[in-house]
Amino acid sequence: MNKQKRFGLIDCDNFYVSCERLFNPSLEGKPVVVLSNNDGCVVSRSKEAKALGIPMGAPFFQWKEFFQSHKLIALSSNYTLYGDISSRVMELVEASAPLVEVYSIDEAWVDLTDSPSPYEDARELRKKIWRWTGIPVTIGIGPTKTLAKVASKIAKKTDNLRGVNFLSNEDQIIAALSTIDVEDVWGIGHRLAAKLKELKIHSGLDLRNADPFHIRKLFSVMLERTVWELRGISCFDFEENAKPPKQILSSQTFGKALFQLDELQAAMANFVNEAGGKLRRFGLAAGSMTVFVRHGSFPGQVTSATLRFIEPVEDTITLLDKGESLLQSVYKPNRTYTKSGVLLFDLQPRENRQLAFWSRKEEKEEKLRTLSQLLDDWSMGRSKPALRVGTELFSENWRLRAERKTPSYTSRWKEIPTVRA
DNA sequence: TCTGGGGTCCTAGGACCC
DNA sequence: TCTGGGGTCCTAGGACCC
C-alpha cells in the first residue's frame, strides 16, 4: 500500500492586483482590476471588485460606465513587473519544500507528504511570503492535487480560515465537496459542467460519488481521473519543471485593424523575434512553423500557412525569412486584419540536429546563431529593444494599447520609484 | 465484390487551465 | 471604435499497411 500523499497548493491572491498594490498602497481596500493586453478584458480582480460583480474576462468596453459610476480602478497589465515579483515569491516557495512544481505565474505545488506538521508549515510559509514580498497567498492542502485545489478555493471565500485550509480526513473532504459546485472542480469547464448537470451531477460530492468507469465511457479518461482524485486517489503527480515546451506561440490582437502587407510583416517579425528567443533559451530547434492571420469582423476568420523545415531551425534570421514567405502566402489585399501570430512546433533539442555536411555551411550557421544571440541579449529587459531585425522597424501600427499602464518599477532603471525623506 | 481485422501515424478540433 | 495570450492533453477520423 502506498503511503498517502499530501499536496500543497500555494496560490497568490488576485496576483496582478496585489503586485500593483505593492507600489501604490492607495489602491488598498479599493475595487481594482487589471486588464489584459490591449486593455481588452478583465484578467485580475481585487476582492472589492469581485464583490461588485465584475466577472472574470469581462470585456472592458462593455463595463466602462459601470466602472465610472462605481469608482472602479482599471489598470493595464505590466507583465514585466508581475514576472519579477513572481520569481521572488517562487524562490521562497522553493526553499520551503523538497519538491516544488511552479505551475503558473501565481501558483505552485509543494510536496508535504513527509512533513510531520503540514498545517503549521503552511502557516509559516504564508507568513514568510507576506513579510518578504508583500504578496498575500492562500494555501490548500489535500491528498490529491484536485482536493488541494478544492481546499484553496474554500479558503479563499472563508475569512476565518485565514488563508490556510487542510483537508486531512474523509469527513472534512466530504463536507468540503458538498459545498463546491461541480463547475468549480479543477478540470471541469462550463461545457462539461452543463453536461454533468443534465446527469444530475451538481456538486463536487455528486461527482465524487459518480461511477468512474461510467464517467470514462460517457466523457473521457481525464474526467475519470478527476473522479478518482476527488476520492483521494492521486492521478496527477508532480511534474518536473524542466520539461521543455512542445510548442511556442507568439501572437497578438492589433491595436487597430491593419490592411497592408508591410504592416503585417512588421508584426510578424516581432513575433518571430520573441518566439526565436524563447526557442534558444530552452536550447531547442523548431521542426515546423505556422503563420496565421485573423481577418474580418469579430471574431473573424483565421487563415494559416505551415512549413515543415527539412532540418530543424533555431536562428531568427531563417525563421524570419520563412515567416515572410508564409505570410505572403496567406495575405490577400482588401481585408481587415485584426490579429496575427507565429507558432513554432515539432520542437527538439538542438543537439539532435544532424551535423552540417559542409564546413562552410557550419560556419554560416554559427554566424546566424551568434547574430540571433545578439538580438536576444539586446532585447533582454527592454520593452523596446535597441537592436532589431530590419522588418520590425517598418511599422508600429500593430502595437497594442496600454493606456493605463503603471511603470516597470522593478525592471527598468528609469522607472524605479523615488522616495522622498 | 458490399466488404475483415488489426495496427500505426498524422491531423484537426474540442476542452480545459492560468 | 472596443472581445487576451500562451499552453496541454485527449479523441475521432482518415490514410496507409499487412
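Just so we're on the same page: letters track the sequence lines, and every chain starts at 1.
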If the plane angle is over 60° it's perpendicular, under 30° parallel, otherwise tilted; pick one for Y79(A) and Y16(A). perpendicular
Parallel, tilted or perpendicular: which fits the ring planes of F238(A) and F7(A), with parallel below 30° and perpendicular above 60°? parallel
Strand DNA chain C as a dot-bracket string - pairs counted if Watson-Crick or G-U with both distances under 3.5 Å, | where the partner lies in another strand: ....||||||||||||||
Pick the P atom in dT3(B) and in dC18(C), then give their distance to the nearest Å. 24 Å
Any cation-pi pair here, R225(A) with W228(A), using under 6.0 Å and within 45°? no
Can you list, by residue number, the residues of residues 221-228 of chain A that have a non-hydrogen atom closer than 4.0 angstrom to DNA chain B? none
Between [N] ([atom2]) and [X] ([atom1]): distance, integer Å:
X       : N      : atom1 : atom2 : answer
L35(A)  : dC2(C) : CG    : P     : 17 Å
E239(A) : dT8(C) : CD    : C1'   : 9 Å
F67(A)  : dC2(C) : CZ    : C1'   : 14 Å
F271(A) : dG5(C) : CZ    : P     : 8 Å
L249(A) : dG4(C) : CG    : C1'   : 12 Å

Taking only side-chain nitrogens and oxygens of K339(A), does any of them come within less than 4.0 Å of OP1 or OP2 of dT3(C)? no
Could you write out each protein N or O paired with an N or O of nucleotides 13-18 of chain B at a distance under 3.5 Å?
unit_1, atom_1, unit_2, atom_2, d
dA15(B), OP2, R191(A), NH1, 3.3
dC16(B), OP1, G189(A), N, 3.1
dC16(B), OP1, G189(A), O, 3.4
dC16(B), OP1, L192(A), N, 2.7
dC16(B), O5', G189(A), N, 3.4
dC16(B), O3', G187(A), O, 3.4
dC17(B), OP1, G187(A), N, 2.8
dC17(B), OP1, I188(A), N, 3.2
dC17(B), OP1, I188(A), O, 3.4
dC17(B), O3', W186(A), NE1, 3.3
dC18(B), OP1, K149(A), NZ, 2.5
dC18(B), O3', S104(A), OG, 2.5
dC18(B), O3', D106(A), OD1, 3.0
dC18(B), O3', E107(A), OE2, 3.2

Less than 4.0 Å between a side-chain N and a carboxylate O, is that true for K256(A) and E263(A)? no
If the threshold is 4.0 Å, N to carboxylate O, is there a salt bridge linking K200(A) and D206(A)? no
Taking C-beta and beyond as the side chain, do F15(A) and I135(A) meet within less than 4.5 Å on heavy atoms? yes
